[in-house]
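Notes for the one structure printed next.
Small disclaimer: the values here were computed from a predicted structure and weren't measured.
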Amino acid sequence: MRTIKFGIIGPGLMGREFASACARWCHLTGMDVKPELVAVCGRDPARYRWYQENFPPIRQFTADYRELLANDEVEAVYCAVPHDLHEQFYCDIIKSGKHLLGEKPFGIDKKANDTIMQCIKEHPEVFVRCSSEFPYYPPMQKIGKLLETDFFGKIIEVNSGFLHSSDLNPDKVINWKRMVQFNGEYGCMGDLGMHACHVPFRAGFTPKNVRAILSKLVPERPDKNGNLVPCVTWDNATLLCEAVDPHHHHSFPLTIKTQRIAPGETDTWYFEIKGMRGCAGWSSKNPRRLELLEYTPGGIQALQQIDMGYESIFPTVTGAIFEFGFTDAILQMWAAFVGELAGILPDGKFVPCVTPEETALSHKLFTAALESWKNSSTVTL
């Protein structure tokens, strides 16, 4: 079995998720390639302890990511750092010859993303992808298979969104995602938007234009010392786009919604497509339930509710009757990245991770959305 040796830059929440996926790699069956963690980089040494206790093969801990990139043992890097660091870190990783799975949005703004894209172009030998987990849930993969056909017929509308949290509490301490110098002008779009854009973009639903409604709902939040500081990033965004049906070549409304303040929600992803011959929908509120309608002339227009089991892309030891969850989606996403890097990816349009080109399209959309809100206008992409 081939082993790909990884380094992590950014050992926080998502770094630990990747490490846990590596520890669970034996859960996958039939994989001829596996990741091994050998290096960790982070500015807070206190975060090293968890890795040291659980991953003895890790031989390098450093606060300087350049030291990790100089490590010849490291073949690939998972980089999970604030958005303002993406341009410098991602380009340095690519220039070092290390393969990269980076976090969205691949640059704090379009200018930074353009620089990253140029660096990728100059280093075609380096494999680069972006993180996004929710299409790996079995119902979403089923919808993806239907999108590869003309099951839906002429599309009526598509709605996709990520309702991240119920942050109604104005006393919640501010974090970097609500600071424009770290998160960027996009606000919630930069942090959450790729999750909502992943499936529409992969389906070929490229936005032609956008009319955006953006909201700043909590103008100040306390810092860690209790002092009120400006909270200036966008909390919520609703983007109404005109997209083109790639099968029938007509325009339809595509709505993309990202919210940090969504009462009652906890990390809710959803996707809905309505067509003249079929409809489908899924939400992580009920992660195994696929809603499906197949219309026949004269027939009853009724949505079926199908509870899917553990029907994953990459086979696992889990029986098909059991439930699929977020950590399973993380494992499947990493299997997709490692498998594609090793050239053993299963067939399917919705199997590969987010491509750099899809991140570039998201930057075009979010930049246009900022202009749309500023001028109260519909902006052409």
Exercise for review: Show your working on side-chain contact (heavy atoms from CB on, under 4.5 Å) between Ile273 and Leu147 and close with a plain yes or no.
Suggested key: CA-CA 10 Å; Ile273 178 169; Leu147 282 165; 3.5 Å; yes
Practice item. Decide yes or no on side-chain contact (heavy atoms from CB on, under 4.5 Å) for Asp328 and Tyr310, but give the supporting numbers first. Key: CA-CA 9 Å; Asp328 300 301; Tyr310 204 107; 2.8 Å; yes
Review point. Salt bridge (Lys or Arg N to Asp or Glu O under 4.0 Å) between Arg178 and Asp191: does it pass, once the steps are laid out?
Key: CA-CA 10 Å; Arg178 288 182 162 86; Asp191 189 38; over 6 Å; no
Check your understanding: Given the rule in the salt bridge (Lys or Arg N to Asp or Glu O under 4.0 Å) test, do Glu294 and Arg277 qualify, once you have shown the distances and angles that lead to the verdict?
Key -> CA-CA 6 Å; Glu294 187 170 6; Arg277 287 204 300 267; over 6 Å; no
Review point. Does the pair Ser166 and Glu265 meet the rule for a side chain to side chain donor-acceptor pair (under 3.5 Å), with working shown?
Key: CA-CA 5 Å; Ser166 181; Glu265 303 291 349; over 6 Å; no
Practice item. Evaluate side-chain contact (heavy atoms from CB on, under 4.5 Å) for His83 paired with Phe182, printing each intermediate quantity in order. Key: CA-CA 6 Å; His83 305 168; Phe182 304 117; over 6 Å; no
Exercise for review: Take Glu133 and Ser131, measure what side chain to side chain donor-acceptor pair (under 3.5 Å) needs, and give me the verdict at the end.
Suggested key: CA-CA 7 Å; Glu133 301 87 5; Ser131 173; 3.2 Å; yes
Exercise for review: Let me see the working for Asp114 and Gln118 under side chain to side chain donor-acceptor pair (under 3.5 Å), right down to the final yes or no.
Suggested key: CA-CA 6 Å; Asp114 288 344; Gln118 180 61 33; over 6 Å; no
Point to revise | From CA spacing to verdict: side-chain contact (heavy atoms from CB on, under 4.5 Å), Phe271, Ile143 | key: CA-CA 9 Å; Phe271 182 80; Ile143 292 174; 3.8 Å; yes
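With salt bridges taken as basic N to acidic carboxylate O contacts below 4.0 Å, none links Lys142 and Glu311. Salt bridge absent: Arg221 and Asp171 never bring a charged side-chain N and a carboxylate O closer than 4.0 Å. Salt bridge annotation for Glu73-Arg59: present, with a cationic side-chain nitrogen under 4.0 angstrom from a carboxylate oxygen. Using a cutoff of 4.0 Å between basic side-chain nitrogens and carboxylate oxygens, Lys274 and Glu157 are scored as salt-bridged. Taking the charged nitrogens against the carboxylate oxygens, Glu75 and Lys5 have no contact shorter than 4.0 Å, which rules out a salt bridge.
Not a single donor-acceptor pair under 3.5 Å links the side chain of Glu87 to the backbone N or O of Ile108. Of the possible donor and acceptor atoms, one in the side chain of Glu358 sits under 3.5 Å from a partner among the backbone N and O of Thr355. Looking at Asn236, its side chain does come within 3.5 Å of a backbone N or O of Arg260 through a donor-acceptor pair. Between the side chain of Ser284 and the main chain of Asp267, a donor-acceptor pair closer than 3.5 Å is present. Side-chain N or O atoms of Arg202 include one that pairs as donor or acceptor with a backbone N or O of Lys349 at under 3.5 Å. Side-chain N or O atoms of Gln60 include one that pairs as donor or acceptor with a backbone N or O of Glu67 at under 3.5 Å. The backbone N or O of Ser377 lies less than 3.5 Å from no partner atom in the side chain of Asn375, so there is not a single donor-acceptor pair. Side-chain N or O atoms of Gln332 include one that pairs as donor or acceptor with a backbone N or O of Phe314 at under 3.5 Å. Judged purely by atom type and a 3.5 angstrom limit, Asn54 uses its side chain to pair as donor or acceptor with the backbone of Trp50.
Side-chain atoms of Val379 and Thr367, non-hydrogen and from C-beta on, never get closer than 4.5 Å to each other. Annotation: side chain of Phe89 is in contact with side chain of Tyr65 (closest heavy-atom distance under 4.5 Å). Between Tyr270 and Trp282, the closest side-chain pair of non-hydrogen atoms is not below 4.5 Å. Side-chain contact between Leu365 and Cys197: present, with at least one pair of heavy atoms (C-beta onward) separated by less than 4.5 Å. Considering only heavy atoms from C-beta on, Phe6 stays 4.5 Å or farther from Cys22 through its side chain. Between Thr115 and Cys91, the closest side-chain pair of non-hydrogen atoms falls below 4.5 Å. Between Phe326 and Phe134, the closest side-chain pair of non-hydrogen atoms is not below 4.5 Å. Contact annotation: the side chain of Glu103 never approaches that of Val81 to less than 4.5 Å [non-hydrogen atoms, C-beta and beyond].
Distance check: Leu217 CG to Leu168 CG gives 9.0 Å after rounding to the nearest 0.5 Å. Distance NZ/Lys257 to CG/Leu239: 10.5 Å, rounded to 0.5 Å. The CZ atom of Arg289 sits 4.5 Å away from atom CD of Gln305, with the distance rounded to the nearest 0.5 Å. Here Leu68 contributes atom CG and Cys41 contributes atom SG; the two are 6.0 Å apart, rounded to the nearest 0.5 Å. To the nearest 0.5 Å, atom OG1 of residue Thr255 and atom CG of residue Leu240 are 5.0 Å apart. Here the NZ-CD distance, from Lys95 to Glu122, works out to 7.5 Å after rounding to the nearest 0.5 Å.
In terms of heavy atoms, Tyr186 sits closest to Gly190 at CB-N, 3.4 Å. Across all their heavy atoms, Thr258 and Ala196 have their closest contact at CG2-CB, 4.4 Å. Between Cys188 and Asn183, the shortest heavy-atom distance links the atoms N-ND2, 4.5 Å. Heavy atoms only, all atoms of each residue included: Ala369 and Met189 are closest at CB-SD, 3.8 Å. Of all non-hydrogen atoms in Asp64 and Arg66, the two that sit nearest each other are OD1-N, 2.9 Å. Residues Phe106 and Cys130 come closest through the heavy atom pair CE1-CB, 3.6 Å.
Hydrophobic clustering (side-chain heavy atoms under 4.5 Å, transitive across Ile, Leu, Val, Met, Phe, Trp, Tyr) keeps Ile93 apart from Ile8. Grouping the Ile, Leu, Val, Met, Phe, Trp and Tyr side chains by contacts below 4.5 angstrom, directly or via other members, places Val74 apart from Phe61.
The hydrophobic side chain of Val317 is isolated, with no ILVMFWY side chain under 4.5 Å apart from it.
Ring orientation note: the planes of Phe162 and His164 are nearly perpendicular, at an angle over 60° on the 30°/60° scale. A parallel orientation is assigned to the rings of Trp334 and Phe18, their planes being inclined by less than 30° (bins at 30° and 60°). Between Phe127 and His99, the ring planes lie perpendicular to each other; the angle is over 60°, past the 30° to 60° tilted range. Between His250 and His248, the angle of the ring planes goes over 60°, which puts this pair in the perpendicular group of the 30/60° scheme.
Checked options Asp235, Asp223, Asp167; the residue passing with Lys172 is Asp167 (criterion: salt bridge (charged side-chain N to carboxylate O under 4.0 Å, His left out)).
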Show every donor-acceptor pair shorter than 3.5 Å between a side-chain atom in residues 26-36 and any protein atom, with sequence neighbours excluded, or say none if there are none.
from  : atom 1 : to     : atom 2 : distance (Å)
His27 : NE2    : Thr318 : OG1    : 2.7
Thr29 : OG1    : Pro315 : O      : 3.3

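The side-chain hydrogen bond (donor to acceptor under 3.5 Å, both in side chains) check on Glu185 picks up nothing, with sequence neighbours excluded.
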